Structures are given as structure tokens and as C-alpha cells.
Amino acid sequence: MRLEPIANPSLARRLTLPALAIVATILIASLLAMIAGGNPMAVLGQILIGAFGSKFALLETLNRATPLIFTGLAIAVAFRAKLWNIGAEAQLYAGAVVVAVLGTGALQLPAPALLTIMALAAMMAGAFLLLVPALLKTRLGVDEVVTTLLFNFIFLLFVSYLLEGPLKDPMGMGWPKSARLIPEARLPRIVDGLRLHWGFAIALIAAIIVWVVDAKTTLGFEMRAVGQNAEAARFAGIPVTKVILKTALLSGGLAALAGFSEVAGLKGSLTLDLSPGFGYTGIVVAMLALLHPLGVVVAALFVAAIFVGADSMSRAIGVPSYLADIMLATALLCMVLAILLTKFRVRRD
Amino acid sequence: MELFEILTSAAFWAAAIRIASPLIFATMGELICERAGVLNLGIEGIMVAGAFAGWIAVWAGLPLWGGVSVAFLVGVGLGGIHSILSVPFGLSQHVVGIGLTLLATSATFYTYRVMLPEVSTPPKIDAFQPFHIPFLSEIPFFGPALFQQTALTYLAFILVGVVSFTLYRTPLGLAVRAAGESPAAVAAQGLSVTAIRMGAVMIGSGCMAVGGAFLTMSAFDSFFFDMVNGRGWICIALVVFGAWRPGKALFGAILFAAFDALQIRLQQTGIGAVVPYQVFLMMPYILSIMALIVMSRRAEVPAALMVPFNKGER
């Protein structure tokens, strides 16, 4: 077989194929639910109810989507420039560590000043953490996929050391967790009484800013040009190395904001289980969004809904909640294939 | 002084060889894929799936070698998914690989929960036991270090020989290497680049899965969720370190495992009392990054690695 480009894919083709990818995902999930002894309709229904069925469920979904918007943006920005940042998990924790250091009493400032400083410092930490692999890539040609992946393991061990040593809460009954943030360092709730913090609003603003940068500025144009064809971009006079490094700073900073928002907004202290793989799930979010910044918001809500819904389904029906992870991985693979098939036709030879 | 005593003890080198074994299987698997031109980032997930598949098969009643075969076949199947998406469809090998790792890992954990719903500690199996090779295991120092290992470790070393011989001494190996260097030349010979690459990815993925199975069937006798713990990513670094050559990659895996064995022992010495244990656990990952940096200037990367081949194009 070989692939033949389609000059002008029809709207029907561009809509049907992604829809088929979703259908395939749902079919596979149903099959797996049946293997585990669950009724597929009940399982899928309970996932929907668990994600959207009540005010509490909906807020939980929005809360879960918040860090995924940040990591999804981080990865969308990087992947657009073909900078394969798989280290969003470590960058998230870098941001979280900065918040735990500055927000537990080290800085005594009014809330707006303290929160701004914490957010900026967190972004700098995350940016630095991705700058190292990016420099290794541009200077020495070391593949950033492996270095960013290995950084995740190294940085998590570093956080583990901090939580058992310098950052350990003296009142923590021996648990490896940081002290609680002071009230001025907490992101307030958007509406009193509802469990949704300003991190969600900041995530939406971040998505809009990234979209504007991407669509309306020279940097955004250069980042896309480098991603599409680095050689051609260099030939056209775009400083490719500089663009890659700027992309790294932006991507690392965005991922760190996920850590900032989780600690300052949701949790109030740093623990080693702060992120159940938000950095990796961000890859799925970004790919499902076709690397579009505003699409990331939609994809993050979709992914968060599946996770929150599957947790609730697992408690109610007993099918393991890992079903959510399988659905997302399947959706990712089916979607990239569907997108390819909108642009190419398969020919037998 | 402690360091000298550690490095000259046969027990230390026996441990290093044991730690190296899963890395050797998986590194050979990745090397086969990359030599054919496909970067397989599914390696981490395939190792998780292989570790589980081999162990659960033995737990369900198959003999040990039956378990190894099941692990291999699971790896071949997962490699099949990777190769369909990455070879004929030419999708981004980064995205397909990461997606496959997520899929294989979550599918493994799901299956575990479905098959063992009420279990708090996973059951144990009768794992591979050390097999003393007659005469050779009697040699002082080398005997206990090399020839009192389990059968799977011997298989790992045999695999290096087989891969090396096949790649450099057979027409099949030539075709695989050419698919990774100059696919157009392979097509001009009337051979199918697609078939060669897909075959290489499936066989390579099978080897990775056996590497995972070593953990549950030889190194330990049970399955834990975080058991593979980044070993797959380390193997990708080892392929680069070994300059895409089986012999050098074997050397790299043993060197790497020796450092790993050393950090475990150093934790129990005077140094371990002063330095936090996390620093020791970081060493394998830091070493991998350093290996990549050192080798980056000298690497002879297969020219068509990560370049999809579509026969219609010129």
C-alpha cells in the first residue's frame, strides 16, 4: 500500500474520520468493560453521570481539567516547533516546589504581590528545567525525548528528598509533605462556597494568550515554521536555535504553572502524589486538540471528564478506573490515524 | 578501600550481570528497531506488558519457558500495533511510541485489576533459579560472577550473539540495516521496506517484552506496578551509547548495571550515611544522560532513522 495526498479534503471527510476515531475508542472501551463483567451502556452512562451529573461532579471535572490545560498548552507549544518535551511532569513539580518554598512563610507579602511573584518564579523554574535539554539538543544534538523523560525520574527523586529533608513539614506526623501555604499564598475560589479556584480562570487566560502569540506574533509564526521544516526556516533567515530555546522557555513555564495552580489553588501543600501523571496526560490532551491552544481547553475538559467519570464509575460498578487511561491512549492513536487519513488516501499497488 | 573490596568481589559482578540482563534484552530489541529505521518509544510500556504477561501466564499454570514465550508474543503483538501506525502509515514515531507506552501500561494495569480484583499483595511464582554451568562455574571469580546465573541471563548473552551475527553476516541483516540507512536502495532491489521494518519492530518489541519478563520471572518472582521504572528509557540511551552496535551496547549495559550495583552497595557504606538515598537512586538516570552527551559527537545514527518511507514519493 502507499499513501496519496488529497488536494482538497472534503468537509465530510474531515468530520467523519475524527468522529470514527471516537466511535472506535468507545467500542474498544465497551469491549473491555464487558471483559471486566460490566454492562457497557451502564459503564459509559456512569462515566457521564460521574463527570457531569451533579454540580459537585462538574466542578470536580473543571478542577481536574485545570492542570491538564496548562500541561496540554506546554506540550502543544513545544510539539508545534517539533521540540519533543516529554518532561512536563518534572516541570510541573519544579513549579510546585517553588510555590512550596516561597508560599510557606518565607515571603510575607500581600496576596496579589505574593501570588504574582510565586507564579513568575515557578515559570522560571519550569523554563530552566526544559532549557537544559533544549540546549543539549541545539548544542550537542542530544535527543530531547530521552533527556526530558529521564529528567522526570531525576526531579521526582529530588522532590522526594526535599519532602523528607529541607521542606518537610515539622507538624506533618512524619509524612513526607511540605508545610501548608500561608493564607496570602492561596489562590482564592472564583465563587464563594464553590470548590473551584482561580487556577481554572488563569488556565483559560493562558490558553488565549498562547493562541494570540501563536496566531498573531512573529514568534508564533517562527515556531510553526521551525516545526514544519527547520532547514527551510533556517534558509528563510529564521534563527532556528533561538526559536527552539524560546519555545522551551515558554513550554517549561506553562507546565510549571500547572504545579503552581495545583499547590496554591487546590492542595495547599506539596506532596509526592501531587500529579497523577498530568505531564504525560498533557501529551494526549495536546494531540487530541491537534496542537491548537484553544482546542487544548476543550480536550482537557474531555480528558478530565473521562478521568473523573471513570473514578465514579469504578466506585459504583467495580470496573477498574484504568479503563480511562486505556480510552485516552486508544483515542490518541485512533485520532492521529484519522487525521492522517483526512489528508491522504490509501492506495493498493 | 571499601570501593576496592566491592569491585573485586565476585558477588558484586554477579549482581551487575543480573541487573544488566533485562537491559540487554530490551536494548537489543530497540537496536533491531532503530537499525531498521524505526525509533520505538513504546519500549517502556512493552516491558511493563511483558513483565506482567510472563508472570501471569506462569501463575495460571504454564511452565516458565511458556511464560517467556507468552511475554514474547505479547511484545510482538504490541510491536505490530506500533509498526502498522509508524511504517505503512508513516505517523510520527514519537507520538505513536508514547501512545503505545500509555496504552500498554494502562491495559496491563487494567488486566491486573480484572484478573486479581481482591488482591493486596500480588501472588508469587516459582521463578527461574540459578543454573550452575558444569566446570565453568568452578572457575575462581569468573565462575560465581558469570556462570551461576539463571537461564534467562544466558539467553540474553546468546541473543547478543544472534543479533550481531544476523545483522552483519546474513542477507536478512543486510536488508534490515539497509532499510535503516537507505530504504530507496532496498526498494530498488525489489524488497519491501514496509515488510522489513514491520518485521524488525515486531521482533524487537518481542525482545523488549522478554526483558520485562526477566524482572518478574528471574530477578523477582512477582509483579509490581512501578517495576520497570524507566528502564525502557534507559535502554534507548544505551542504544545511542552503543553506537547502534550490539557488542558495544552489551558493554554499555554491563557498565551501566555495574554502576547501578555499585550505588546499591555504596548506600550501605559510610557514604550512604551522609548522602541522601535519593542521590544514589538518581545515578542510573544521570549516567544515561551523561552517556548521551558523551556519545553525541561520535554517534553514527542510521541515516533513515525516524524517516518514513512512502514508495510513491521521490
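These numbers come from the heavy atoms of this one structure, side chains and all, not from hydrogens, waters or symmetry mates. All values reported here derive from a predicted model rather than from experimental measurement.
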Quick check on Leu136(A) against chain B: is it the side chain, the backbone, both or neither that has a heavy atom closer than 4.5 Å? side chain

For Val336(A), is it the side chain, the backbone, both, or neither that has a heavy atom closer than 4.5 Å to a heavy atom of chain B?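 Both parts, backbone and side chain.
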
Listing request: all side chain to side chain donor-acceptor pair (under 3.5 Å) pairs with a residue in residues 128-138 of chain A, at least two apart in sequence or in separate chains. Lys137(A)-Glu144(A)

Can you find a heavy atom in the side chain of [X] that is under 4.5 Å from one in the side chain of [Y]?
X         : Y         : value
Pro276(B) : Phe158(A) : no
Leu157(A) : Tyr285(B) : yes
Phe153(A) : Leu281(B) : no
Thr147(A) : Leu292(B) : yes

dist Ile98(B):CD1 -> Ile86(A):CD1 (nearest 0.5 Å) comes out at 4.0 Å

Between atom CG of Leu333(A) and atom CD1 of Ile81(B), what is the distance when rounded to the nearest 0.5 Å? 8.0 Å

List the steps, then state whether side-chain contact (heavy atoms from CB on, under 4.5 Å) holds for Thr330(A) with Leu103(B). CA-CA 7 Å; Thr330(A) 314; Leu103(B) 179 67; 3.7 Å; yes

Which residue is it: Phe109(B), Tyr110(B), Tyr112(B)? I am looking for the one with a ring-ring contact (aromatic ring centres under 6.0 Å, His included) to Tyr322(A). Phe109(B)

Mind ranking Met282(B), Met283(B), Arg113(B), Glu44(B) by heavy-atom pairs under 4.5 Å with chain A and telling me who comes out on top? Met282(B)

Residues of residues 85-94 of chain B contacting chain A, heavy-atom criterion under 4.5 Å, by residue number: Leu85(B), Pro88(B), Phe89(B), Leu91(B), Ser92(B), His94(B)

Looking at Arg139(A), Met327(A), Met287(A), which has the largest count of heavy-atom pairs under 4.5 Å with chain B?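 The option with the most such pairs is Met287(A).
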
